[in-house]
Peer 1: 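Provided herewith is a single structure, encoded as structure tokens, for subsequent inquiry.
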Amino acid sequence: MANLFQAAGLDKEAPRPLADRLRPQKLSDVVGQDHITGPEGVLTRMIAAGRVPSVIFWGPPGTGKTTIARLLAGATGLVFEQMSAIFSGVADLKKAFEMARSRREQGRGTLLFVDEIHRFNRSQQDSFLPVMEDGTITLVGATTENPSFELNGALLSRAQVLVLNRLDAPALEALIARAEMHEKRALPVTDAARQVLTGLADGDGRYLLNLVEDIFATVPEGGAALDEAKLAEVVQKRVPLYDKSQDGHYNLISALHKTVRGSDPDAALYYLARMLTAGEDPLYITRRMVRMAIEDVGLADPQALQQALLAKEAFDFLGSPEGELALAQAVIYLATAPKSNAGYVAFKGAMKHARETGSLSPPKIILNAPTRLMKEQEYGAGYQYDHDEPDAFSGQNYFPDQMQRERFYDPPERGFEREIRKRLDYWEKLRRERGEG
């Protein structure tokens with residue numbers, strides 16, 4: 001419902017940000033999301049088929065979630081109703097549902113757009129289910145967080161998740177071109193500064209247009225173009241998109257771990273720098289590096305674990321920023337070390353068998369006999385002290401009597417584990433020769 005300000009038409013003359021003034025007027029005008037709004041896009045085909053289900057838009061800020069929702073309502077003839085989960089509660093939802101039911105009785109449908117829908121709790125999310133099922137509303141939710149983790153399964157089963165991409169360089173350049181057409185002049189920046197500008201946007205179209213608007217306001221028509229240094233004075237450095245408790249955090253630590261595992265020190269250094277630049281806790285990074293050293297390098301290079309632990313000690317001693325070089329050095333060491341997950345696999349196998357075999361007793365030969373009864377039960381009888389045997393190796397069977405001998409640890413022919421494998425093969429040979437295999 002329009003307020004008095006809108007009814008008088010005054011809202012059209014009110015100052016509006018450039019990003020709002022340049023909002024696309026049809027779905028085909030949306031940039032960077034051709035898989036959704038292009039000629040063969042998902043929504044384009046849905047509209048053509050006359051069937052638009054409830055959807056969840058998942059994507060970074062400034063990628064067009066709100067804009068696409070508005071255009072979708074216009075393309076389908078639905079009344080557009082908008083709310084934010086940050087500022088709305090149960091009373092607001094009830095009111096929106098009642099208004100939608102009233103419209104439905106009059107033959108009009110409602111597209112309810114809920115921004116930051118992941119902010120609603122479980123019971124609030126459940127309240128959407130009946131009005132979605134009976135067609136009272138078509139829900140369009142927008143979230144920057146992974147819906148699989150943040151939204152109820154019941155809600156997700158009634159909506160289609162559409163992933164919006166962060167805007168790439170061509171899409172951001174298209175937005176700048178639109179701003180130039182709107183302002184009827186070229187953006188007053190050098191080519192190098194223009195590239196820096198799109199980098200600062202970090203895939204966020206709204207943020208880019210806000211920067212462009214600041215530049216147009218700062219440099220009068222005919223003024224000298226801003227170079228990279230001048231541009232830095234005009235715009236503030238953007239904090240990278242990174243929530244230490246959400247997707248940005250987990251995505252980057254996953255990328256760091258996998259690039260170390262993949263023996264790519266350059267990519268590993270890049271993701272380490274990304275995390276440090278975003279303000280990640282260095283202690284968290286060093287803990288994960290210790291895990292990498294154990295899981296992915298293992299005994300192929302026993303020094304890897306020591307390097308990871310020393311990086312923490314060096315950082316604690318030096319502090320930031322000097323100590324960050326110690327983290328970088330450890331990342332390089334881990335990435336360039338020979339890789340082996342043999343210990344990791346061996347431990348998983350041993351844990352599996354431990355769960356399956358329950359409380360099997362070790363063989364009596366390796367049990368102590370501190371009491372007379374235990375001696376009578378032949379605890380420890382027949383034990384061979386390895387140091388007294390040839391090659392300091394008895395070859396006895398140490399597994400429970402009811403269990404076959406297993407081989408969990410199978411080291412590869414890489415790094416230090418090549419030497420370990422030689423030892424294991426030698427002991428296996430002795431074990432066979434002495435009839436204990």
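Along the sequence shown, residues carry numbers from 1.
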Peer 1: So, R166 and D202, do they make that salt bridge, N to O below 4.0 Å?
Peer 2: yes

Peer 1: Check this for me: does any side-chain nitrogen of one of E417 and R414 sit under 4.0 Å from a carboxylate oxygen of the other?
Peer 2: no

Peer 1: Specify the closest pair of heavy atoms between S54 and I137, including all atoms of both residues, with the distance to one decimal.
Peer 2: OG-O, 4.4 Å

Peer 1: Tell me if a side-chain donor or acceptor on D92 pairs with a main-chain N or O of G89 at a distance below 3.5 Å.
Peer 2: yes

Peer 1: How far does CD1 of I285 sit from CD of E280, to the nearest 0.5 angstrom?
Peer 2: 5.5 Å

Peer 1: Does D29 come within less than 4.0 Å of K26, counting only side-chain N to carboxylate O?
Peer 2: yes

Peer 1: Salt bridge or not between K352 and E356? Use side-chain N to carboxylate O under 4.0 Å.
Peer 2: yes

Peer 1: Would a line drawn from the ring center of F347 to the ring center of F408 be shorter than 6.0 Å?
Peer 2: no

Peer 1: If we ignore hydrogens and angles and just use 3.5 Å, is the side chain of T259 paired with the main-chain N or O of D264 as donor and acceptor?
Peer 2: no

Peer 1: Between K429 and E433, does any side-chain N to carboxylate O distance fall below 4.0 Å?
Peer 2: yes

Peer 1: Determine whether the side chains of R23 and T67 contain a donor N or O and an acceptor N or O closer than 3.5 Å.
Peer 2: yes

Peer 1: Could you check whether any side-chain N or O of Q307 sits under 3.5 Å from a backbone N or O of A330, counting only pairs where one atom can act as donor and the other as acceptor?
Peer 2: no

Peer 1: Taking L72's backbone N and O only, do any of them form a donor-acceptor pair with T76's side chain (distance below 3.5 Å, no angle check)?
Peer 2: yes

Peer 1: Mark yes when over 12 heavy atoms from residues, nucleotides or ligands other than Q404 sit less than 6.0 Å from its CD; otherwise mark no.
Peer 2: no

Peer 1: Which heavy atom of N210 sits nearest to which heavy atom of A19, and what is that distance?
Peer 2: OD1-CB, 4.3 Å

Peer 1: Among side-chain atoms of S320 and E324, is any donor-acceptor pair under 3.5 angstrom?
Peer 2: yes

Peer 1: Any salt bridge between K230 and D227, counting N to O under 4.0 Å?
Peer 2: no

Peer 1: Report the distance from atom CZ of F113 to atom OG1 of T138, rounding to the nearest 0.5 Å.
Peer 2: 14.0 Å

Peer 1: Which atom names give the shortest non-hydrogen contact between I47 and A75, and what distance separates them?
Peer 2: CD1-CB, 3.8 Å

Peer 1: Counting heavy atoms not belonging to N368, are there more than 12 under 6.0 Å from its CG?
Peer 2: no

Peer 1: Donor-acceptor check, side chain of D281 to backbone of L283, threshold 3.5 angstrom: yes or no?
Peer 2: yes

Peer 1: Just how far is it from atom CG of L22 to atom CD1 of I176, taken to the nearest 0.5 Å?
Peer 2: 12.0 Å

Peer 1: Using modelled atom types and a 3.5 Å cut-off, is there a donor and acceptor pairing between side-chain atoms of Q33 and backbone atoms of G64?
Peer 2: no

Peer 1: Answer yes or no: is there an ion pair linking E389 with R434, defined by an N-O contact shorter than 4.0 Å?
Peer 2: no

Peer 1: When rounded to the nearest 0.5 angstrom, what distance separates CD in E81 from CZ in F97?
Peer 2: 11.0 Å

Peer 1: Please round to the nearest 0.5 Å and tell me the distance separating atom CZ of F87 and atom CD of E116.
Peer 2: 9.5 Å

Peer 1: Has the side chain of Q396 got a donor or acceptor atom that lies under 3.5 Å from a matching backbone atom of Q384?
Peer 2: yes

Peer 1: For the residue pair P363 and D401, what are the closest heavy atoms and their distance?
Peer 2: CB-OD1, 3.6 Å

Peer 1: Assess whether a salt bridge exists between D410 and R421, defined as any Lys/Arg side-chain N lying under 4.0 Å from an Asp/Glu carboxylate O.
Peer 2: yes

Peer 1: Counting distance only, does the side-chain N/O of T37 pair as donor-acceptor with the main-chain N or O of D34 below 3.5 Å?
Peer 2: no

Peer 1: List the atom of R119, the atom of A85, and the distance in Å for their closest heavy-atom pair.
Peer 2: CB-CB, 3.7 Å

Peer 1: Does E145 offer a backbone N or O that forms a donor-acceptor pair with the side chain of W58 under 3.5 Å?
Peer 2: yes

Peer 1: If you measure from the Lys or Arg side-chain nitrogens to the Asp or Glu carboxylate oxygens, is any gap between D316 and K312 under 4.0 Å?
Peer 2: yes

Peer 1: Using a cut-off of 6.0 Å, state whether more than 12 heavy atoms not belonging to D191 lie near its atom CG.
Peer 2: no

Peer 1: Give a yes or no on whether the backbone of D296 and the side-chain of N341 come within a donor-acceptor separation of less than 3.5 Å.
Peer 2: no

Peer 1: Return the CD1 to CZ distance between I294 and R291, rounded to the nearest 0.5 Å.
Peer 2: 7.5 Å

Peer 1: Let me know which of T144, T143, N146 forms a side-chain hydrogen bond (donor to acceptor under 3.5 Å, both in side chains) with H118.
Peer 2: T143

Peer 1: Do F57 and I68 touch side chain to side chain, with heavy atoms closer than 4.5 Å?
Peer 2: yes

Peer 1: Evaluate whether atom CD of E406 has more than 12 neighbouring non-hydrogen atoms of other residues, nucleotides or ligands under 6.0 angstrom away.
Peer 2: yes

Peer 1: Is there side-chain contact between D20 and L209, with heavy atoms separated by less than 4.5 Å?
Peer 2: no

